[in-house]
Amino acid sequence: MRLKVVLFVNIICLPLLAQRDFSLVRDRNALLSSGNAAALVTFADSSISKGTVSFLHEGGNLRLPTEGQNRNVISADVSSYMRVSPSLVTFGHASYTNDYGTEMFGSMFYPSLELRPFDLISAEEDAGSKRAELIRIVGAIGWNIWKDLSIGAKIDYTSGSYAKFKDLRHTNALMNLYSRADLFYSLSKSYGIGLGFIYRRQTESLRFKTFGTTDAVYTTLVDYANGYGETETFGVEGFTDGGQEQPLFSEYTGLSANTKVGFVTLGITYLHRHGYYGRKTQYDVLYENHSGDQFAYSARTDIVNNRDALLWIDMQLQTERLSSYRSNYRRVTSENNSSLTYYEYYEPTKMSDKAQWSGKINISGYWKPKGDIYLWYAVAGTDYFHNKQTAYLYPNIYTSTSHVLSPYADVKRSLLFKNSSLLSFEVGGSTYFGLLKQLHTTLKTTYEIPIRHTNIRPDVSLRYDYYKSIGETQYTGIRNRLTVELGATF
């Protein structure tokens, strides 16, 4: 009891606690971002948390079809690393996002960078407002159970909705569950190896409808790949059947391995994916089946790691392949009961083969230390994305490729004042080549001030992003984005 009282008195009597940077605490240890929950035990700092609430507004004529002419986003999130005991470390994250956009068309699925087996594309003349809401909860634990052996587990759960408010209307319900169980064996402070088993399942259920009765005809493109597919009219049995919800289901299983050898950290992950669209019962239609594989590779090299400066190089590569097959079936009426119908299936027809590669390489540096932070930060690198898709509309086969190359750089300068408040200025820029040809500029300023006698450091930031098309491309114009954020580190 006396120890607890002494600790409590010491905490509340601190005049002003030193600054701490949540991003720096997380990023300087590559094992924390490896995904291996058991490697949380390598967290060497004291407990730290970061919470934010933000509002984003953007608008302009430079946009993809799935981006609104105008867009407003309200979001809130909190993340925390906590050392519960010398052998137990936990990580938690929770977030909420409300995203509203106007004059949106194109894909009816929730926006994602992952490959889809097919897409459902609404026409531009049916453009309308859409709202997306997401709630995400993440929990992970790492426990050093015996000498240098640690175990860990992680659950990442996302639930959301996505709705369009103009005919043809659609309402989507999204559920994504990512879980893993891990081992990590530390050979020494600078050497270790980890293994993990991963299970993930995702369902996005779509319901299509119109408001009231109307004679209007609504068509949807069932996009196999590259904009090639079949046009479907709403009101008949098919991918946009309005009679019931249609779930797009995918299940993933796989393994991961990571290792730290001196100043080098390596990781590899493999996932096998399979799933379907429709209802997997004898009395409903199963429209599509798909299967594929994902690989992810990561490498981190710490070049400088001392009190005066930090410098490292990050490299990441993700590959994914996916094949999709359309079901061939016929409706059968039971001879015993004419009101009972079921479906017989035949050899499916291949719809598409898809493959994509994405990767990045960057170098990050911190220098000029002041307490537990650095007053200078800079990062420079390149992102790359390549996509190849083949659509099969027998007897025709359509193949196309696309790529995007995006070099970027960002510099941040912080000024520390006598009252321990911190004023930061950040400027960055990037260019996009290939499918997208754009210039992107970022300006951001942040002011952070401590609350005396507490470990809470509130901050407020203002960020402006400017996008402009360059060269000849199908996406032209300019776009502006303004973000206001309130946060606190504690």
Side-chain angles (χ1 to χ4, degrees), residues 64-66 103-112 115-128 130 162-174 203-250 275-281 283-290 322-332 341-354 389-398 400:
L64 299 175
T66 52
E103 298 302 311
M104 297 173 68
F105 61 100
S107 177
M108 296 180 176
F109 289 105
Y110 192 89
S112 172
L115 283 176
R116 292 195 188 96
F118 65 93
D119 211 342
L120 300 175
I121 306 297
S122 62
E124 185 172 0
E125 55 266 27
D126 297 330
K130 291 187 178 184
Y162 188 47
K164 179 170 177 271
F165 303 110
K166 182 182 176 183
D167 296 343
L168 175 65
R169 301 163 189 255
H170 65 85
T171 302
N172 304 18
L174 176 68
T203 302
E204 185 170 0
S205 299
L206 289 78
R207 182 178 288 276
F208 305 90
K209 63 180 180 180
T210 56
F211 183 76
T213 58
T214 176
D215 294 329
V217 176
Y218 299 98
T219 59
T220 300
L221 173 64
V222 182
D223 182 5
Y224 294 174
N226 315 315
Y228 294 99
E230 299 176 350
T231 301
E232 185 176 276
T233 301
F234 175 71
V236 300
E237 185 177 82
F239 282 70
T240 57
D241 186 352
Q244 59 183 341
E245 269 190 349
Q246 302 292 350
L248 176 62
F249 172 78
S250 291
Y276 55 84
Y277 179 73
R279 293 186 171 271
K280 207 169 186 179
T281 73
Y283 307 105
D284 295 291
V285 182
L286 186 68
Y287 294 101
E288 179 271 348
N289 287 277
H290 54 269
L322 187 65
S323 296
S324 178
Y325 298 83
R326 180 161 188 164
S327 300
N328 294 312
Y329 59 89
R330 73 184 181 103
R331 185 198 299 263
V332 179
T341 60
Y342 60 94
Y343 295 88
E344 288 184 350
Y345 293 88
Y346 304 96
E347 188 71 20
T349 302
K350 177 172 277 194
M351 294 168 57
S352 63
D353 283 319
K354 300 180 180 181
Q389 300 191 5
T390 300
Y392 301 98
L393 277 76
Y394 298 100
N396 300 315
I397 299 176
Y398 304 93
S400 70

Who are the salt bridge (charged side-chain N to carboxylate O under 4.0 Å, His left out) partners of Glu230, not counting sequence neighbours?
Arg326

Which atom of Asp167 lies closest to which atom of Lys209, heavy atoms considered
OD1-O, 4.1 Å

What distance do Ser352 atom OG and Leu322 atom CG have between them, rounded to the nearest 0.5 Å?
6.5 Å

Tyr392 side chain reached by Thr349 side chain, heavy atoms, under 4.5 Å:
no

Which value, rounded to the nearest 0.5 Å, describes the distance between Asn289 atom CG and Ser323 atom OG?
12.0 Å

In sequence, state the C-alpha distance, the side-chain angles, and the governing distance for Leu206 and Thr171, and then conclude on side chain to side chain contact (heavy atoms under 4.5 Å, CB included).
CA-CA 6 Å; Leu206 289 78; Thr171 302; over 6 Å; no

Does Asn172 offer a backbone N or O that forms a donor-acceptor pair with the side chain of Glu204 under 3.5 Å?
no

Tyr287 side, atom OH; Tyr277 side, atom OH - distance, nearest 0.5 Å:
7.5 Å

For His170 and Phe208, the nearest pair of non-hydrogen atoms, with its separation, is CB-CD2, 3.8 Å

Classify the ring geometry of Tyr329 against Tyr345: parallel below 30°, tilted from 30° to 60°, perpendicular beyond 60°.
tilted

Residues at least two apart in sequence or cross-chain that pass side chain to side chain contact (heavy atoms under 4.5 Å, CB included) with Ser107, listed by chain then number, are Thr66, Phe109, Arg116, Asp119, Ile121

Sorted by first residue and then second, give each salt bridge (charged side-chain N to carboxylate O under 4.0 Å, His left out) pair with at least one member in residues 341-352; sequence neighbours left out.
Arg330-Glu344, Lys350-Asp353

Please name all residues satisfying side-chain hydrogen bond (donor to acceptor under 3.5 Å, both in side chains) with Thr281, sequence neighbours left out, ordered by chain then number.
Asp284

Those residues at least two apart in sequence (or on a different chain) that pass side chain to side chain contact (heavy atoms under 4.5 Å, CB included) with Thr220 are Met108, Leu120, Leu168, Thr240

Could you check whether the rings of Phe118 and Phe239 sit parallel, tilted or perpendicular, using 30° and 60° as the cut-offs?
perpendicular

Looking only at heavy atoms, which two atoms of Gly238 and Gln246 are closest? And how far apart?
O-NE2, 4.5 Å

For the backbone of Gly275 and the side chain of Ser250, can you confirm whether one donor and one acceptor N or O come within less than 3.5 Å of each other?
no

All salt bridge (charged side-chain N to carboxylate O under 4.0 Å, His left out) counterparts of Asp223, not counting sequence neighbours
none

Once side-chain hydrogen bond (donor to acceptor under 3.5 Å, both in side chains) is applied, do any residues pair with Tyr342, and if so which ones, sequence neighbours excluded?
none

Approximate separation, where rounding is to 0.5 Å, of Lys166 NZ and Asp126 CG:
6.5 Å

All salt bridge (charged side-chain N to carboxylate O under 4.0 Å, His left out) counterparts of Arg207, not counting sequence neighbours
none

Over all atoms of both residues, closest heavy-atom pair of Pro247 and Thr203
CB-CG2, 4.0 Å

Just jot down the side chain to side chain contact (heavy atoms under 4.5 Å, CB included) partners of Leu393, sequence neighbours excluded, or say none.
Tyr224, Tyr228, Ala391, Tyr398

Would you say that Arg331 contacts Val285 through its side chain, given a criterion of any heavy-atom pair below 4.5 Å between the two side chains?
no

List in chain and number order the residues that pass side-chain hydrogen bond (donor to acceptor under 3.5 Å, both in side chains) with Glu288, two or more places apart in sequence or in another chain; answer none if no residue qualifies.
His290, Ser324

Does the gap between the ring centers of Tyr283 and Tyr343 come in under 6.0 Å?
no

Please answer whether the main-chain N or O of Leu286 pairs with a side-chain N or O of Ser327 as donor and acceptor at a distance below 3.5 Å.
yes

Atom pair CG/OH of Leu174 and Tyr110 - distance to nearest 0.5 Å
7.5 Å

Test of understanding: with side chain to side chain contact (heavy atoms under 4.5 Å, CB included), list the residues that count as partners of Ala173, not counting sequence neighbours.
none

I'd like to check the salt bridge (charged side-chain N to carboxylate O under 4.0 Å, His left out) partners of Asp241; sequence neighbours left out, ordered by chain and number.
none

Which is it for Thr219 and Phe234 under the side chain to side chain contact (heavy atoms under 4.5 Å, CB included) test, yes or no, and what are the steps along the way?
CA-CA 6 Å; Thr219 59; Phe234 175 71; over 6 Å; no

Identify the two heavy atoms, one from Pro117 and one from Leu248, that lie closest to each other, and give their separation to 0.1 Å.
CG-CD1, 4.0 Å

